[in-house]
Amino acid sequence: MKRKHIINTLLIIILILFFASVILIRPVKSLDELWNYSFAKNIANGLVPYKDFNMVQTPLFAFICGVFLKITNELITMRILAIILNTGIIILMYKILKTLKVNSYIAYICLAGIIWLMKDYVTIDYNFFVVLFALIIVLLELKKDSCRPPLHGEMQRLLNLNFRVDLFIGILAGLAIITKQTTGLAIAFVAVGYKVLTIRNLEQFKTFLKIFAIRMLGVIIPILILLIYLVLNNAMADFVDYTISGISTFTNKISYTNLFVDGNILYKTLSVGVPIVMIALFLKGLITKDNNSLLLALYGAAGFIVVFPIADDQHFLVSILITLLGFIYLIKCLLEYVRFIKIKQYTVEAVTYISIIIAIFVGAMSVYNLSKYVGQIKNEGNQTINHYKYVPISEGLSKDVINIINYIKNQEQEVYIIDSQAIIYRIPMDTYYKNYDMLLNGNLGSGGAEKQIADLKNKENILVLIKPNGYNWQLPMEIINYVKTNMNKIGTIDLFDIYSK
């Protein structure tokens, strides 16, 4: 037991080093990272979501990150949280595989493959936080069924009532909803109602109703707390406007077929294979009465909601993590069925050695990347920008940010940046312009772009910065066209044209 504990501790250290090596070394670039940081920073500074700054997802993740930004209000803090978050996700995935009785070393190798898939996309993101809640729920569901009371019928184990566990599962589902409403609602729907598929008699139906009520109570508790907060801060109308009414203005989408048409061979394979795996898990669960398969299929399908309407590589990766566990479980069941799992000892030894080699390679690569990171942050020119300390910044972007900040500070007029990258410049200035600092279709409330154009029409004696070209695909072009048509171009500053009104 002691040897096993030491091995697991070493693997967790290697895991932390790996995520640190891929997250810390990234230069400032990802707008999603900066927007998530901005949400948390605003809350740490006492602003109220929806009322004082625009966001479309529910705010739990921003609140949690905001607590840590109270300690040190730097982007590096968010990156450290990202390391912890993604390490927690992998540990939970391992625990789920162990609960499913997957061999430890096989689990290590499979998770190493999943981590390799994740390496380019791990970041601080509310979608990963929802995955964390979903994985905890799946683990609780599996452990709850493994600790069932004596059977009183064919499917009684699927309807095992445990008030504390069921309430906690409901609360976790509610927390997922107030982290991201769409995926959270799907997870809550599964958590509260999936056991209806296992009912075979009246007694089981009565048990199901009790579980349903307990879990629904758990779901309601976090939602009620959020609603009370919004009411007390007079933000309810804004909340409805941005999270519900404004959704109709969200016209940006990337079709799921894009993964198959434009993706690399791996993503093409996964885009076809993942739905097949979910269907196979679901059918296996119903036909063989395998609750493990049913759980993984339904929670995997709930997590898959993330990929709609934007089916890019990052959203797709987040959406398939639970289903990948389901795939490993299916392979394990298949091997047991054909009795390949109990082969000779040298196979176990080979798998062990492969796991050790992978761990050594990952550890060495992580240390090398971290040494590169230390070398990057020693460049003092990249460490003079407020809130970007200890985060690598390209020399070109650093000069651009400093020039734009200095220009804005030297103007007597208000300066608005009409660009998706406005947040890069606003963060170091400790200023926030609602809607303008996250100027994306679907993120502006029910009025959409027309509301912002009307706002610009009502402003006098302002300067507006826009790029002559190279716009983000989610930027409302109606606003750009309005500025070009109705304002006077008076010069340029770095990447931006300057317009005056």
Side-chain angles (χ1 to χ4, degrees), residues 23-49 52-55 61-62 65-82 123-125 373-374 376-440 443 462-467 470-472 475 491-498:
I23 291 173
L24 296 180
I25 200 169
R26 288 181 188 150
V28 173
K29 182 179 179 181
S30 169
L31 293 178
D32 285 330
E33 178 186 47
L34 294 177
W35 285 321
N36 278 302
Y37 170 63
S38 178
F39 297 149
K41 179 173 174 287
N42 287 338
I43 288 174
N45 291 338
L47 300 184
V48 178
D52 297 323
F53 62 94
N54 58 311
M55 62 189 298
F61 185 63
C65 293
V67 171
F68 291 94
L69 292 184
K70 283 281 190 181
I71 302 171
T72 171
N73 204 336
E74 296 286 338
L75 180 59
I76 188 67
T77 304
M78 297 291 281
R79 294 193 169 193
I80 293 171
L81 292 176
T123 185
I124 192 70
D125 187 87
Y373 163 73
V374 172
Q376 281 182 294
I377 63 172
K378 284 182 179 179
N379 183 345
E380 291 299 325
N382 287 347
Q383 301 304 312
T384 59
I385 302 176
N386 193 27
H387 299 302
Y388 293 157
K389 191 175 182 181
Y390 304 123
V391 178
I393 307 173
S394 68
E395 185 177 351
L397 180 58
S398 178
K399 290 180 179 179
D400 182 40
V401 169
I402 292 171
N403 288 342
I404 295 297
I405 289 174
N406 288 337
Y407 172 79
I408 292 174
K409 286 182 176 179
N410 290 329
Q411 304 308 307
E412 295 181 359
Q413 301 158 279
E414 284 285 337
V415 180
Y416 292 83
I417 304 174
I418 308 297
D419 190 80
S420 58
Q421 293 185 324
I423 196 65
I424 295 177
Y425 310 98
R426 292 299 182 188
I427 284 173
M429 297 179 68
D430 282 319
T431 58
Y432 188 87
Y433 285 63
K434 184 178 179 180
N435 292 340
Y436 292 99
D437 289 357
M438 192 178 182
L439 197 64
L440 305 177
N443 288 265
I462 63 170
L463 296 175
V464 174
L465 305 184
I466 64 171
K467 291 178 181 176
Y471 307 112
N472 183 287
L475 185 69
T492 61
I493 174 71
D494 287 339
L495 300 175
F496 295 97
D497 290 337
I498 307 170

*Take Asn403 and Tyr425 through the side chain to side chain donor-acceptor pair (under 3.5 Å) test and state the conclusion after the steps.*
CA-CA 10 Å; Asn403 288 342; Tyr425 310 98; over 6 Å; no
*Can you name the closest pair of heavy atoms from Lys41 and His387 and give their distance?*
CE-NE2, 3.4 Å
*Verdict with reasoning, Asn386 to Asp430, per side chain to side chain donor-acceptor pair (under 3.5 Å)*: CA-CA 9 Å; Asn386 193 27; Asp430 282 319; 3.1 Å; yes
*Return yes if some donor-acceptor pair links the side-chain N/O of Thr77 with the main-chain N/O of Thr72 below 3.5 Å, else return no.*
yes
*Got a donor-acceptor contact below 3.5 angstrom from the Asp419 side chain to the Gln421 backbone?*
yes
*Side-chain contact test, heavy atoms from C-beta onward, threshold under 4.5 Å: evaluate it for Thr123 versus Asp32 and give yes or no.*
no
*asked:* One pair to check against side-chain contact (heavy atoms from CB on, under 4.5 Å): Tyr471 and Ile418. What are the steps and the verdict?
replied: CA-CA 10 Å; Tyr471 307 112; Ile418 308 297; over 6 Å; no
*asked:* One pair to check against side-chain contact (heavy atoms from CB on, under 4.5 Å): Asn36 and Cys65. What are the steps and the verdict?
replied: CA-CA 9 Å; Asn36 278 302; Cys65 293; over 6 Å; no
_Whether Asn54 side chain and Met438 backbone form a donor-acceptor pair below 3.5 Å_ = yes
*What pairs of residues pass the ring pair (Phe, Tyr, Trp, His ring centres under 6.0 Å) test when at least one of them lies in residues 23-46, not counting sequence neighbours?*
none
*asked:* Please evaluate residues Ile385 and Ile393 with respect to the criterion side-chain contact (heavy atoms from CB on, under 4.5 Å), reporting the C-alpha separation (whole Å), side-chain torsions for both, the decisive distance (0.1 Å), and the verdict.
replied: CA-CA 10 Å; Ile385 302 176; Ile393 307 173; 4.1 Å; yes
*Could you list all the side chain to side chain donor-acceptor pair (under 3.5 Å) pairs where at least one residue sits in residues 406-415, not counting sequence neighbours?*
Gln413-Asn461, Glu414-Tyr433
